[in-house]
Every structure is written in C-alpha cells, then in structure tokens.
2 protein chains.
Amino acid sequence: MSRERVVDAALEFIDANGLPGLTMRRLGEQLGVEAMALYRYIPSKEELLDAVVESLVAQVRADDVVLDAPRDGWQDFLQRLAHGVRRTALTHPKAFPLVASRPPEAPWLRPPLRSLDWVETFLAGLVEEGFTDEAAVEAYRAYTSFLLGHLLLEVAVHGADLGPLDVLDDETGEPGASRHPTVSRLRGPLSEDRSAVEFEEALEALLDRLTITRNEHLAD
Amino acid sequence: MSRERVVDAALEFIDANGLPGLTMRRLGEQLGVEAMALYRYIPSKEELLDAVVESLVAQVRADDVVLDAPRDGWQDFLQRLAHGVRRTALTHPKAFPLVASRPPEAPWLRPPLRSLDWVETFLAGLVEEGFTDEAAVEAYRAYTSFLLGHLLLEVAVHGADLGPLDVLDDETGEPGASRHPTVSRLRGPLSEDRSAVEFEEALEALLDRLTITRNEHLAD
DNA sequence: ACCTGAACACCGTTCAAGT
DNA sequence: ACCTGAACACCGTTCAAGT
C-alpha cells in the first residue's frame, strides 16, 4: 500500500463508477482494506481529489507527443500540448471535469489553473519562442479557455458524469416536436459527433489569432 | 411555501455558501422548516439542482438585453445572448458551474447542453437569419464551447467553488521562484483581470469565423 | 508499522404520526 | 394539507486498541 496506489485506485474507480460514486469506504473496499486505513496515505478526500488531478497532469507530460519545450516552433508546441491534453481527457472522461472544478493552487493567477507546472511549461515555451511577456500571457488565457471549453463539452458527450448506470431515458430525450421544432428537425446533424474535426478547426483558428497578436506585440 | 420558493432559496444559499455547503437540512433551516418538509415540493436533491439550472436559464431569458429572436441581424442576436449569459454567470458565480456539470436533458445532442429551450432559441434564430441547417449546427457547437470555456474560467476567478470561507493560503500562492521562474516573473500581468476585454475579443473573433463558415455553406 | 472497531457528527430520504 | 420525529442506510474522519 502506498499513496500512489491509493491515488491510482481512485482514478480507476472514477473511470469505472463516476465521480459521485467515489467514497472512501468503497475505495477502501476496492483496495481490500477498511476506509480508515486510507488516511495513513492521504490526509483527506479533498486532497485525494487534488492528487487525482495532479496524476492527470502528469499523464499529459508523460505523453509521447507532448514536449517540455518547443522544438519545431511554438505552433507545433501548442499543437502537441493540445492533443496531449485532449488524449488524456478522452481517456478519463469522468475524471477530467475535476481539472476545472478543484480550487486553484495559485488564486492570484488569472485564470487560476490548478497546475503551476503546466503554466510554467506553457509560458516559458512561448517566451523562448520570441513572444513578449504580454503576448505570452494573452496566449495563455486564450489557449486555456479554448481547451477547457472544447474538452469539457467533448467529455460530456462521452457520458461524463452520469452516475454509475443511470438508465438513459430515451423518452425524455425525444424532442417533443411541438416545443422544439428546430431542434427536432435538425436532430440528425445535431447528434453527429464531429468533435475531432471541430477541435482541429478551432485550434487552427486560435493559432492564427495568436500569430496576429504575437506580431502586434512585437511591433510595439 | 412552494416549489419556487425552495428553488430560489437554494440558489441564494449557493450564492452565499457555495455548492458544497448546500444541504437539504441547512436549506430547510434557512426556510424555517425541517429538511423533510422540502420533499413536498421537490422529489430529490438532484432534481433541485436541475431546477436551479433551469432558474439560471430563465434568468438569462428575462434579461433586458437578450432577445427571443434576431432583430438587428444574427451577429447582434448572438452578441446579446452572449452578454446575457455572461451577466447571469457573473451574478451567480458559485452556481454557474452547475450548468456544465448536470446530466443533460437530451443525451443524443452533441454537445449535450441542459436546456433544450436555449438550443431551440439559438438554432431557430440562426436559421431565420439565413443559416443553412449545417451552418447553424456548426455555429451552435463553436458558440457553446466558446461561452462555456470563457465563463467557467472567469467565474473561477471570482472565487467560484472554494467552500464557505476557505482561508486563502497566500504562502502556497507564492510562486517559489525556483520551480516556476517564468510564472514568477510574469506575476504582474498574470494577476491582472482582463476577462471583460478578452471576452469581447474572443466573441468578435468567433463571430468573424462564423461569418466565413456561414458564407461557405451558402455557396454550396 | 500498519490496520481495525467503535464512535461522532453529519448526509439524503422514507414514512407513520401529529396538527 | 402540511409539517415533524424517528429511523435507515449511508457519508468523512478520529482515535484508541489490536496485530
């Protein structure tokens, strides 16, 4: 038994049973131990959830595609990072929303992301690639809100935080053509999952925007 | 006592004490009644939270600036809608994340937002303004992920879901210049709150993108 | 050193009983 | 018709006691 084993088990448990299902007592059971034993390794459930988020961040860094620093330019760097985060989000759809909902490590940071390591990698990479300080900060903000928005929605599609086996009520899902005629008529296209393509397109559009602001800042 | 009074009290309670603090027993207390009495008006806590989300959506619609249908073109329509949602999000920063975390009303919808009424208003408005079905659906996706990403981060800045009075630990907030030199150096610009300007800029950029895809779809 | 049993203060929710 | 008391099955967490 170890802290790492507890955190890993927690992530597995969330993947399998959803966030609301996670309980110290049930987690203990899965590890063949009483709940009270877990407190040897983590001080509280809150800190356990923080540790799960850390473990997700570490997983992004361990991704082959992600680089610690730019190699083929900042656009390539940000592309790899975005795809790395996306891959982790899709691997752990039920745990990923934690990244957005845990209280931040550095409250003065706008926006206050959890992982300072991640922010450091991001900013240092861009500055290294010739971004001014202001352009790097602006890029950080645009990039994080883009990633968060896309991935939270995409992850919700993959059955995010419905509980364990919430029977999906197909009746309620039926539009009721009278109240929502347009939704009803567009049901075909609306139920298509185009998230991969849209992610690419939006990322491309964002990088274009960043190129412009980068050059504006350099010109000053 | 009435369902409406219970839902309103729940929203007030979340605004004041944070989402984790909301308890049937404490909510009852605030209403001068035992927790069990609430079950006359709502079937469960889960449905109470759904009702809170509905109430937030209703608040957006009641906003003076928001229109039920386009009047001065679709760009004006989407601008008003975005600002209406933002205003509600900033008025209820601790409750707003519920909008993104409740299980969806229509699971087949990609992405599966909670309020079908909202989706209907959005799509019907754009189609009325000459969007093809496909362009309207694409716009729906780009627009929702933009709004969600921006507002969740902005709302997190305004002290979203820290519990009631989590003493903010300024020490932990200190960068520790050694581990995060860039974050530390950029602390000034990073702690400035520029969310309002950035919201405008990103919204503008999105509307430009939508104009392009709209015209592409019309040309087909 | 590591785990457990019992206990405490809380949850959401049900239901018979009170007014 | 509306609320309450008591109860049930759960929580997170502490701590003395066991091995």
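Numbers restart at 1 for each chain; the letters A, B, ... are given by sequence-line order, proteins then strands. Since we're looking at a predicted model, the values are computed, not measured.
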Quick check: does any side chain N or O of B:E154 sit under 3.5 Å from a backbone N or O of B:S195, one acting as donor and the other as acceptor?
->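 The answer is no, because no donor-acceptor pair under 3.5 Å joins these two groups.
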Return yes if some donor-acceptor pair links the side-chain N/O of B:S55 with the main-chain N/O of B:A51 below 3.5 Å, else return no.
->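 Such a contact is absent between B:S55 side chain and B:A51 backbone.
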Measure up the [X] and [Y] rings against each other and bin them: parallel (under 30°), tilted (30 to 60°), perpendicular (over 60°).
{"X": "A:Y143", "Y": "A:F122", "value": "tilted"}
{"X": "B:F131", "Y": "B:W74", "value": "perpendicular"}
{"X": "A:Y140", "Y": "A:W118", "value": "tilted"}

Write out a two-atom table: protein N or O, nucleotide N or O from nucleotides 7-9 of chain D, distance below 3.5 Å.
none

Stepwise, does the side-chain contact (heavy atoms from CB on, under 4.5 Å) test hold for B:L48 with B:M24?
-> CA-CA 10 Å; B:L48 174 59; B:M24 297 303 280; 4.3 Å; yes
Base-pair string, DNA chain C, Watson-Crick plus G-U, cut-off 3.5 Å on both distances, | for inter-strand, is ||.|||||...|||||.||
Relative to the 5' end of DNA chain D, which residue comes earlier, A:R26 or A:R40, by the nucleotide with the nearest heavy atom?
->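 The answer here is A:R26.
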Would you mind telling me which residue lines up with the more 5' stretch of DNA chain D, A:Y39 or B:V33, judged by nearest nucleotide?
->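 Upstream on the strand: B:V33.
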At under 4.0 Å, does any side-chain N or O of B:Y41 touch on OP1 or OP2 of D:dA1?
->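 For B:Y41, the contact criterion (side-chain N or O under 4.0 Å from OP1 or OP2 of D:dA1) is not met.
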Applying side chain to side chain contact (heavy atoms under 4.5 Å, CB included) between A:L151 and each of A:T88, A:L90, A:V85, report the one that passes.
->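 Of the listed residues A:T88, A:L90, A:V85, the side chain to side chain contact (heavy atoms under 4.5 Å, CB included) partner of A:L151 is A:V85.
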